[in-house]
Amino acid sequence: MDNTVEKIMAGNEAYRNIVERTSVRRFTHEPVAPELQTAILYAAMSAPSGVNRQPWELIVVDDPELLRRLADGLPYAKMAAEAPMAVVVCGNRERFLDGDDATLWVQDLGAASENLLLGAHALGLGGVWTALYPHEDRMATVADVLNLPENLVPFNLIPVGHPASHHAPMDKWHPDRIHRNAFTR
Ligand SMILES: Cc1cc2nc3c(=O)[nH]c(=O)nc-3n(C[C@H](O)[C@H](O)[C@H](O)COP(=O)(O)O)c2cc1C
């Protein structure tokens, strides 16, 4: 790791939280306390969004039967069956923009999802982004299990809980991918 980054991490918790977040796929059976649930949902809704449309709807799933049915139907979200809860981040078509901005909601929901993951990590919880959109089959599974109305687009499913295991963050630092004033090889 870069020396400067290491120094900043040592003295700045908010920065350290960003750098040290990892995907968590194994959870203890401990439920997530209601105030922690509120805190991570609040973090999600603090995200920036195009024209401040906030086009998200957050479906909290903590019914073990529903979590099991979601895990059964989703190829890459099997860990949801073991999680005490999951948040299904959905887009609300009624708040999507038009024209060239019509797909900005995808970026908005990405920002909200990352905020949720960072909020969870900051509170000692863990979670993992599992993709739904743009896979029509996965979106249909979730819409069916949760009986979602037509105007909601399931974007991702984020199992959340107390981590049962920890792993070190991956080193994703690639200085060769930074280009100043022009793209250079
Ligand atoms: C758009 C997106 C889709 C992802 N889909 C899945 C998924 O379906 N299942 C899963 O276990 N992890 C999924 N992940 C998590 C990535 O595998 C993980 O973020 C990546 O390997 C880097 O690891 P880290 O989050 O621990 O830094 C997804 C992440 C993103 C951003």
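Values below: all heavy atoms of this structure, side chains included; hydrogens, waters and symmetry mates excluded. As the structure lists them, so they are numbered: ligands from 1, and atoms in each ligand from 1.
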Apply side chain to side chain contact (heavy atoms under 4.5 Å, CB included) to residues Leu157 and Trp129 and explain how you reach the verdict. CA-CA 6 Å; Leu157 178 146; Trp129 177 322; over 6 Å; no

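- Nearest non-hydrogen protein atom to atom 25 (O) of ligand 1 is Ser23 OG, 2.6 Å.
- At the shortest separation from atom 27 (O) of ligand 1 among protein heavy atoms lies Lys172 NZ, 2.5 Å.
- For the pair Leu116 and Ser113, the minimum side-chain heavy-atom distance is 4.5 Å or more.
- Scanning all protein heavy atoms for the shortest distance to atom 4 (C) of ligand 1 gives Trp129 O, 3.4 Å.
- The atoms of ligand 1 that sit less than 4.0 Å from any heavy atom of Met79 are 11 (O).
- With a 4.0 Å cut-off on non-hydrogen atoms, Asn156 does not touch ligand 1 at all.
- Those atoms of ligand 1 that come under 4.0 Å of a heavy atom in Met170, given as number and element, are 21 (O), 22 (C), 23 (O).
- Residue Thr22 has at least one heavy-atom neighbour below 4.0 Å for each of these atoms of ligand 1: 26 (O).
- When hydrophobic clusters are built by joining Ile, Leu, Val, Met, Phe, Trp and Tyr residues whose side-chain heavy atoms come closer than 4.5 Å, directly or via intermediates, Tyr76 is not grouped with Leu117.
- Closest approach of Arg16 to Met9, counting heavy atoms only: NH1-O, 3.4 Å.
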Distance-only criterion, 3.5 Å: show the donor-acceptor pairs between side-chain atoms of residues 78-97 and protein atoms not counting sequence neighbours.
| residue | atom | partner | partner atom | Å |
| --- | --- | --- | --- | --- |
| Lys78 | NZ | Ala71 | O | 2.8 |
| Lys78 | NZ | Asp72 | O | 3.2 |
| Lys78 | NZ | Leu74 | O | 3.2 |
| Asn92 | OD1 | Glu94 | N | 3.0 |
| Asn92 | OD1 | Asn151 | ND2 | 3.3 |
| Asn92 | ND2 | Glu57 | OE2 | 2.8 |
| Arg93 | NE | Glu150 | O | 3.2 |
| Glu94 | OE2 | Asn151 | ND2 | 3.0 |
| Arg95 | NE | Arg53 | O | 3.4 |
| Arg95 | NE | Gln54 | O | 3.1 |
| Arg95 | NH1 | Glu57 | OE2 | 3.3 |
| Arg95 | NH2 | Gln54 | O | 3.2 |
| Arg95 | NH2 | Trp56 | O | 3.0 |
| Arg95 | NH2 | Glu57 | OE2 | 3.0 |

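- Closest to atom 17 (O) of ligand 1, if we only count protein heavy atoms, is Arg25 NH2, 3.2 Å.
- With contacts defined as side-chain heavy-atom distances shorter than 4.5 Å, the pair Val24/Val128 does not qualify.
- Asp2 CG: more than 12 foreign heavy atoms inside a 6.0 Å radius.
- In this structure, Leu146 and Val61 have side chains that are in contact, with non-hydrogen atoms separated by less than 4.5 Å.
- The closest protein non-hydrogen atom to atom 9 (N) of ligand 1 is Tyr76 O, 3.0 Å.
- Of the protein's non-hydrogen atoms, Thr130 CA, 3.5 Å is the one closest to atom 7 (C) of ligand 1.
- For ligand 1, the polar-atom distance check against Ala131 finds a nitrogen or oxygen pair separated by under 3.5 Å.
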